[in-house]
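What follows is one structure encoded as structure tokens, with my remarks underneath.
Only this structure's heavy atoms are used, side chains among them; waters, hydrogens and symmetry mates stay out.
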Amino acid sequence: MKKWLLPLTLAAGVFSLAACNGSDNSEVIVESDAGTITKDELYEEMKAQVGESALQQLLYRQVLAEKYEVTDEEVDEEVNKMKEQYGDNFELVLQQNQLKDEEALKELLKDQLLIEKAALKDVKVTEDEVKKKYEEYKPEIRASHILVEDEDTAKEVKAKVDAGEDFAKLAEEYSTDPGSAANGGDLDFFGQGQMVPEFEEAAYALDVNEVSEPVQSQHGWHIIKVTEKKEKESFEKMRDELEYELKVSKIDAATLQESLQKELKDANVDIKDKDLQGIVQTEAKSETK
């Protein structure tokens, strides 16, 4: 899954805050026996709770859209990647990120892509860096495992595998990993950095259908079986992806903030509400240090 420069969340009330800032904020929007609530009151309350983050999101969207283009095809590609990754849990992921539907996700992804393009535009990587990353890259592999609590049990399970007993059935019987035991120990495909180091090192050292000796990690003892290995694509096919990953690795929170604040400054942003001016003043103050 793509590594986003910002977390995949949307500040609560971004759209509502924008909608409430109308021309007639004194309009009554709620009536009750206890009194009324006006647009102005709602705006002030939402401003106090999420004002800066919401305004920041709206500003980034407006300012960056003037300089960078994000196509529908780019957004659709990211949505499809998420659907492929999360499968049946896709709708749950939307709920967890407070997104009411796929269209809301697309709006968020468009904002993310705009931010990404702004942040990465001046980041440079050399051809040697890309080639080195290609040399170090290992394609994804698929493996199953049987996780047990102690070495003696691990040796017992390994002996049964060596004797010809079915790995998947042994995983269902012995494995303490609830996420994979019901699937015969299958962990699906994974790549570098996704598993604990001891597990990853042992798994990548195996051939397809080869079973490891007991491997200890922080989770317990593993018996690992590699079931598939993806082929490493050519450098030409992987170059753009590797270059992107290298660029992203050079962006930290401070440089991201600096880049985005520069975009706001270049756009001559003038915030009229003094309570919200801090999102630009923070960058200005840092320049004087």
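Leu206 and Val157 fall into different hydrophobic clusters, where Ile, Leu, Val, Met, Phe, Trp and Tyr side chains are chained together by heavy-atom contacts under 4.5 Å.
A salt bridge links Lys158 and Glu213; the closest N-O separation between the charged side-chain nitrogens and carboxylate oxygens is under 4.0 Å. Using a cut-off of 4.0 Å between Lys/Arg side-chain N and Asp/Glu carboxylate O, Asp266 and Lys262 are scored as salt-bridged. For Lys106 and Glu103, the salt-bridge test passes: some basic side-chain N is under 4.0 Å from an acidic carboxylate O. Ion pair Asp122/Lys124 not flagged as a salt bridge, since none of the NZ, NE, NH1 or NH2 atoms sits closer than 4.0 Å to an Asp/Glu carboxylate oxygen. Ionic pairing of Arg239 and Glu236 is not present here: no N-O contact between side-chain nitrogen and carboxylate oxygen is shorter than 4.0 angstrom.
Lys160 places no side-chain N or O within donor-acceptor distance of the main-chain N or O of Lys155, the cut-off being under 3.5 Å. Although no hydrogens or angles enter the test, the distance criterion places no donor-acceptor pair under 3.5 Å between the side chain of Asn89 and the main chain of Leu92. Between the side chain of Glu151 and the backbone N or O of Pro214, no donor-acceptor pair lies under 3.5 Å. Without hydrogens or angle criteria, Asp101 side chain to Ala104 main chain gives a donor-acceptor distance under 3.5 Å. The main-chain N or O of Ala202 is never found under 3.5 Å from a side-chain atom of Ser212 such that the two would form a donor-acceptor pair. Judged by distance alone, with hydrogens and angles left aside, the side-chain atoms of Glu201 form no donor-acceptor pair with the main-chain N or O of Glu198 at under 3.5 Å. A donor-acceptor contact shorter than 3.5 Å links the side chain of Gln192 to the backbone of Lys138. A donor-acceptor pair under 3.5 Å is absent between the side-chain atoms of Ser175 and the main chain of Glu172, judged by distance alone. In this structure a side-chain-to-backbone donor-acceptor pair under 3.5 Å is missing from Asn97 to Leu99.
A donor-acceptor pair shorter than 3.5 Å cannot be found between the side chains of Asn183 and Ser180. Side-chain contact of Glu45 with Gln49: a donor-acceptor pair under 3.5 Å is present, judged by distance alone. There is a side-chain donor-acceptor pair under 3.5 Å between Glu156 and Tyr174.
Within the 4.5 Å cutoff, the side chain of Leu187 has heavy atoms near those of the Asp177 side chain. Residues Glu140 and Phe190 are not in side-chain contact: their nearest non-hydrogen atoms beyond the backbone lie 4.5 Å or more apart. Side-chain contact between Leu105 and Met82 is present, with at least one heavy-atom pair separated by less than 4.5 Å. Considering only heavy atoms from C-beta on, Asp76 stays 4.5 Å or farther from Glu74 through its side chain. By the 4.5 Å heavy-atom criterion applied to side chains, Glu245 and Val248 are not counted as neighbours. Looking at Thr126 and Val130, their side chains never come closer than 4.5 Å, going by heavy atoms from C-beta outward. A 4.5 Å side-chain heavy-atom check between Glu127 and Lys131 finds at least one atom pair inside the cut-off. Using a 4.5 Å cut-off on side-chain heavy atoms (C-beta onward), Leu170 and Ile223 make no contact.
Distance check, rounded to the nearest 0.5 Å: CD of Glu135 to NZ of Lys133 gives 12.5 Å. Remark: Thr71 OG1 to Glu77 CD distance equals 8.5 Å, nearest 0.5 Å. Distance CG/Leu113 to CG/Asp111: 9.0 Å, rounded to 0.5 Å. Considering CG of Leu59 and CD1 of Ile271, their distance stands at 5.5 Å, rounded to 0.5 Å. Here Glu66 contributes atom CD and Gln62 contributes atom CD; the two are 7.5 Å apart, rounded to the nearest 0.5 Å. The CD atom of Glu228 sits 4.0 Å away from the CZ atom of Phe189 when rounded to the nearest 0.5 Å.
Between Ala154 and Trp221, the shortest heavy-atom distance links the atoms CB-CB, 3.8 Å. Taking every heavy atom of both residues into account, Val208 and Thr227 meet most closely at CG1-O, 3.4 Å. Nearest heavy atoms, Ala118 versus Leu260: CB-CD2, 4.4 Å. When all heavy atoms of Ala203 and Ile224 are compared, the closest pair comes out as CB-CG2, 4.2 Å. Here the closest non-hydrogen pair linking Leu256 and Ile115 is CD1-CG2, 4.0 Å. Scanning both residues, Lys247 and Val123, for their nearest heavy atoms gives CE-O, 3.2 Å.
Annotation: Lys169, atom NZ; neighbour count of heavy atoms from other residues, nucleotides and ligands within 6.0 Å does not exceed 12. Heavy atoms of other residues, nucleotides or ligands lying less than 6.0 angstrom from NZ of Lys132 number 12 at most. Within a 6.0 Å radius of NZ in Lys229, more than 12 heavy atoms belonging to other residues, nucleotides or ligands are found. Taking a 6.0 Å sphere around CG of Asp162, one finds it holds more than 12 heavy atoms contributed by other residues, nucleotides or ligands. The local environment of CD in Glu165 is crowded, with over 12 non-hydrogen atoms from other residues, nucleotides or ligands closer than 6.0 Å.
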Let's go through Lys83 and Glu102 carefully: what are the C-alpha distance in whole Å and the side-chain angles of both, what is the deciding distance for salt bridge (charged side-chain N to carboxylate O under 4.0 Å, His left out) to 0.1 Å, and is it a yes or a no? CA-CA 10 Å; Lys83 287 182 175 179; Glu102 189 173 313; 2.9 Å; yes

Before you tell me yes or no, could you show the steps for Glu52 and Asp275 under side-chain contact (heavy atoms from CB on, under 4.5 Å), namely the whole-Å CA-CA distance, both residues' side-chain angles and the distance that decides it to 0.1 Å? CA-CA 9 Å; Glu52 288 197 356; Asp275 294 330; over 6 Å; no

So Lys47 and Glu44, salt bridge (charged side-chain N to carboxylate O under 4.0 Å, His left out) or not? Walk me through it. CA-CA 5 Å; Lys47 182 177 71 173; Glu44 291 298 326; 3.1 Å; yes

Worked verdict on Lys230 versus Ile141 for side-chain contact (heavy atoms from CB on, under 4.5 Å): CA-CA 6 Å; Lys230 291 185 178 180; Ile141 62 175; over 6 Å; no

In sequence, state the C-alpha distance, the side-chain angles, and the governing distance for Lys81 and Glu78, and then conclude on salt bridge (charged side-chain N to carboxylate O under 4.0 Å, His left out). CA-CA 5 Å; Lys81 286 178 183 178; Glu78 297 306 325; 3.7 Å; yes

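Each of Glu116, Lys110, Gln112 was checked for a side chain to side chain contact (heavy atoms under 4.5 Å, CB included) with Val70, and the lone residue meeting it is Lys110.
Figure legend: cation-pi geometry between Lys232 and Tyr137 absent, as NZ or CZ is not positioned both under 6.0 Å from the six-membered ring centre and within 45° of its axis. For Lys117 and Tyr68, the positive end is not near the middle of the six-membered ring at less than 6.0 Å and at most 45° from its axis.
Note: Phe199 and His145 meet the aromatic proximity criterion, with ring centroids under 6.0 Å apart.
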